[in-house]
Novice: 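Structure below; questions to follow.
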Number of protein chains: 2
Amino acid sequence: MPSTVRERVRAELTAEITAAARRQLAEVGAAGLSLRAVARELGMASSALYRYFPSRDDLLTRLITDGYDALGAAAEDADDPVAPPRERWLAVCRAVRSWARAHPHEYALLYGTPVPGYAAPRETVPSAARVGVVLGRVLGDAARSGALPDAAGRARDPELVSDETAAILGGAHPALDDAVRVRALLAWSSLYGTVSFELFGQLVGSVADVDRYFDVAMGELADLLRL
Amino acid sequence: MPSTVRERVRAELTAEITAAARRQLAEVGAAGLSLRAVARELGMASSALYRYFPSRDDLLTRLITDGYDALGAAAEDADDPVAPPRERWLAVCRAVRSWARAHPHEYALLYGTPVPGYAAPRETVPSAARVGVVLGRVLGDAARSGALPDAAGRARDPELVSDETAAILGGAHPALDDAVRVRALLAWSSLYGTVSFELFGQLVGSVADVDRYFDVAMGELADLLRL
DNA sequence: CGTTGACGAGAGCACCGCTCTCGTTGCGAA
DNA sequence: TTCGCAACGAGAGCGGTGCTCTCGTCAACG
């Protein structure tokens, strides 16, 4: 809780800055986002912004973590824990795609070309993992409910899938081996690739009814996951 | 053939400009590529560059088509038409990944966030399609050699997969229906998603041995394609 | 041989990220 | 309550960017 007046007005102004920056990001994209324009929108000197964010990249990092959190929340909201696993998977996929289409520039900031010098890892990781956590929960619940066939038993290999990631992807269960976990990572990469292809215009001449294509494709991935 | 001296020196200088720009792109990425820096490297005034490229975006568009061509050539070189279909698919995947790792900034320019205002479609399309053509040839050859099971016969739907794309993806054959074609587009999107995740650092904490992970994942995609 | 158009160089405009200085003012210690 | 300090906002300024305009030069073509 902000005790002093200064702390409270600082928190409010920080929030206003990020809000204005997010608005500009939605309009002109990350490449066009300008600190000076944000300052103009707020009626303050551009130099004053540096009291709140030490650099443009730090502002972008903040927008990135916020974006990951918003996308993660959308995925979590779309997941109904009592629905059949396949429906849960499809619902999460559709939620990710919907969020991406509603916030294309934010999605591009999250999953497109990294703009700062390949940086800003640590603080963004927990937020970035939220969608993966949802997918892992779907997979783990499916395994524990007996909806998944027993795995062939590919040897556990932390070099292939790290321990943290294996824990996120349902933990230990007879239906989950490293082959299943690789397929889960592949499915998540494929969802990302499909959404990005659509958003970045990579399949404009190939697919007209993108809604149907997306559902069919995500159904194929559900088959891949044995859901 | 350039008849006059002026035409020849113009062609040479244009090539020098794109070469210098590609060098800068490889070093600092698309966002950091500066017309003035290119001009400095060539020892000419920045305004003179505009005699050859009307804007920075046009220079980038040229680099984009060149990049698509280079990636397409790498994929074509890696494809041995007499090898088994599954080996051909894996070889093309490995070639795409190798090219991307060798030219990360160029790959990001091709498949990352679109930098100009979502533009430059027409002239880039033929070059961008080359990798897809290779994949389509592998699929079509597999079908015609009898290596593919007969398809379930999903109704042909140009809204789902356009006629041009269906023609590229092996044309008409009993083993090829729209379900197979959607899986082919999905596999290509997944290859792209997997490579991008690796390059953009999205699976740093999850996968240590990326070489093995990639091979296992592409093998799963080969299964998806029934190769 | 003369005209014209392509060309390179330079100055300049508006914008950018970022730094520094300089009054002002809230806040905690004395 | 008063005093000193640190946080703050505003402004000027630096070096960089993409891009435009002007001007002198020279090759190419009628």
Side-chain angles (χ1 to χ4, degrees), chain A residues 1-18 20-21 23-25 27-64 105 109 114-120, chain B residues 1-18 20-21 23-25 27-64 105 109 114-120:
Chain A
M1 40 223 68
S3 47
T4 94
V5 176
R6 235 184 198 162
E7 283 179 15
R8 189 169 54 236
V9 68
R10 179 181 179 87
E12 285 173 8
L13 193 42
T14 304
E16 278 183 49
I17 292 170
T18 60
R23 217 172 312 147
Q24 289 227 354
L25 170 64
E27 280 178 16
V28 300
L33 196 155
S34 138
L35 274 188
R36 294 176 109 112
V38 171
R40 271 195 302 271
E41 182 175 326
L42 296 178
M44 59 195 298
S46 67
S47 59
L49 278 189
Y50 289 83
R51 304 281 185 191
Y52 300 87
F53 293 93
S55 80
R56 179 180 180 274
D57 282 0
D58 290 271
L59 216 193
L60 280 179
T61 300
R62 174 59 181 271
L63 293 178
I64 288 175
H105 284 123
L109 177 64
V115 286
Y118 296 104
Chain B
M1 43 224 63
S3 47
T4 93
V5 175
R6 237 185 196 160
E7 281 178 16
R8 189 169 53 238
V9 68
R10 179 182 179 86
E12 284 175 7
L13 193 43
T14 303
E16 278 184 48
I17 292 170
T18 61
R23 217 171 315 150
Q24 289 229 352
L25 170 65
E27 280 177 17
V28 298
L33 195 155
S34 139
L35 275 188
R36 295 176 109 112
V38 171
R40 271 195 301 271
E41 180 173 330
L42 297 178
M44 60 195 297
S46 67
S47 59
L49 277 188
Y50 288 84
R51 304 280 184 194
Y52 299 85
F53 292 94
S55 79
R56 180 179 180 274
D57 282 1
D58 290 87
L59 215 193
L60 279 180
T61 300
R62 175 59 180 272
L63 294 178
I64 288 175
H105 284 122
L109 176 64
V115 286
Y118 295 105

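Quick note on labels: first sequence line is chain A, next is B, and so on, each numbered from 1.
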Novice: Within the 4.5 Å heavy-atom criterion, are Leu49(A) and Leu59(A) side-chain neighbours or not?
Specialist: no
Novice: Are any of the side-chain heavy atoms of Ile17(A) and Thr14(A) separated by less than 4.5 Å?
Specialist: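 No; the side chains remain at least 4.5 Å from each other.
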Novice: Can you check whether Arg56(B) has a side-chain N or O nearer than 4.0 Å to OP1 or OP2 of dT17(D)?
Specialist: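 Indeed not, no polar side-chain atom of Arg56(B) lies that close.
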Novice: Whole-Å distance between dG18(D) C1' and Asp57(B) CG?
Specialist: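 Between C1' of dG18(D) and CG of Asp57(B): 10 Å.
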Novice: How long is the line joining CZ of Arg8(B) and P of dC7(C), in whole Å?
Specialist: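 Nearest whole value for this atom pair: 14 Å.
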Novice: Whole angstrom is fine here: how far is it from CD in Glu12(B) over to P in dG8(C)?
Specialist: 13 Å
Novice: For Tyr52(A) and dA10(D), what is the distance between atoms OH and P respectively, to the nearest whole Å?
Specialist: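 Rounded to the whole Å, the gap is 9 Å.
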Novice: Is there a side-chain contact between Leu35(A) and Tyr50(A), using heavy atoms and a 4.5 Å cut-off?
Specialist: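 Yes, side chains in contact.
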Novice: What is the nucleic acid contact for Leu59(B), judged by heavy atoms within less than 4.0 Å: base, sugar-phosphate only, or nothing?
Specialist: nothing
Novice: Among dT19(C), dA10(D), dC19(D), which is the nearest nucleotide to the side chain of Ala48(A)?
Specialist: dA10(D)
Novice: Nearest to the Leu35(B) side chain among dA28(D), dT17(D), dC19(D), which nucleotide is it?
Specialist: dC19(D)
Novice: Just checking Leu49(A): base, sugar-phosphate only, or nothing, at a heavy-atom cut-off of under 4.0 Å?
Specialist: nothing
Novice: Is there a side-chain contact between Leu13(B) and Met44(B) in this structure, where contact means two heavy atoms from C-beta onward sitting under 4.5 Å apart?
Specialist: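 Leu13(B) vs Met44(B): side chains touch.
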Novice: Quick one: label Leu42(A) by what it contacts on the DNA or RNA (base, sugar-phosphate, nothing), any heavy atom closer than 4.0 Å.
Specialist: nothing
Novice: Rounded to the Å, how far apart are Glu7(A) CD and dC27(C) P?
Specialist: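 Roughly 9 Å, once rounded to whole Å.
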Novice: Quickly work out the Arg51(B) CZ to dA9(C) C1' distance and round it to whole Å.
Specialist: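 Between C1' of dA9(C) and CZ of Arg51(B): 10 Å.
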Novice: Measure from the side-chain heavy atoms of Ser34(A) and tell me the nearest of dT17(D), dG17(C), dG9(D).
Specialist: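 Of all the options, the side chain of Ser34(A) is nearest to dG17(C).
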Novice: Tell me the closest heavy-atom pair linking Ala30(A) and Leu25(A), and the distance in Å.
Specialist: N-CD1, 3.4 Å
Novice: Please tell me whether Asp58(B) and Ser55(B) have a donor and an acceptor in their side chains that are separated by less than 3.5 angstrom.
Specialist: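 Asp58(B) vs Ser55(B): donor-acceptor pair found between side chains.
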Novice: Tell me which nucleotide among dG12(C), dG17(C), dT22(D) gets nearest to the side chain of Arg36(B).
Specialist: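 Closest of the options to the side chain of Arg36(B): dG12(C).
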Novice: Taking CG from Leu60(B) and C1' from dT17(D), how many angstroms apart are they, rounded to a whole number?
Specialist: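 Those two atoms, CG and C1', are 14 Å apart.
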Novice: Looking only at side-chain N and O atoms, does Tyr50(B) come under 4.0 Å of OP1 or OP2 in dC7(C)?
Specialist: no
Novice: Between dC18(C), dT25(C), dC7(C), which nucleotide has the shortest distance from any of its atoms to the side chain of Arg6(A)?
Specialist: dT25(C)
Novice: Counting only side-chain heavy atoms from C-beta out, which of dG17(C), dA9(C), dC19(D) sits nearest to Ser47(B)?
Specialist: dA9(C)
Novice: If only side-chain N and O atoms of Arg40(A) are considered, is one of them under 4.0 Å from the OP1 or OP2 phosphate oxygen of dC16(C)?
Specialist: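 Answer is yes, contact under 4.0 Å.
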Novice: Using whole Å, report how far CE of Met44(A) lies from P of dA7(D).
Specialist: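 Answer to the nearest Å: 16 Å.
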Novice: How is Phe53(A) classified with respect to the nucleic acid when contacts are heavy atoms under 4.0 Å: base, sugar-phosphate, or nothing?
Specialist: nothing
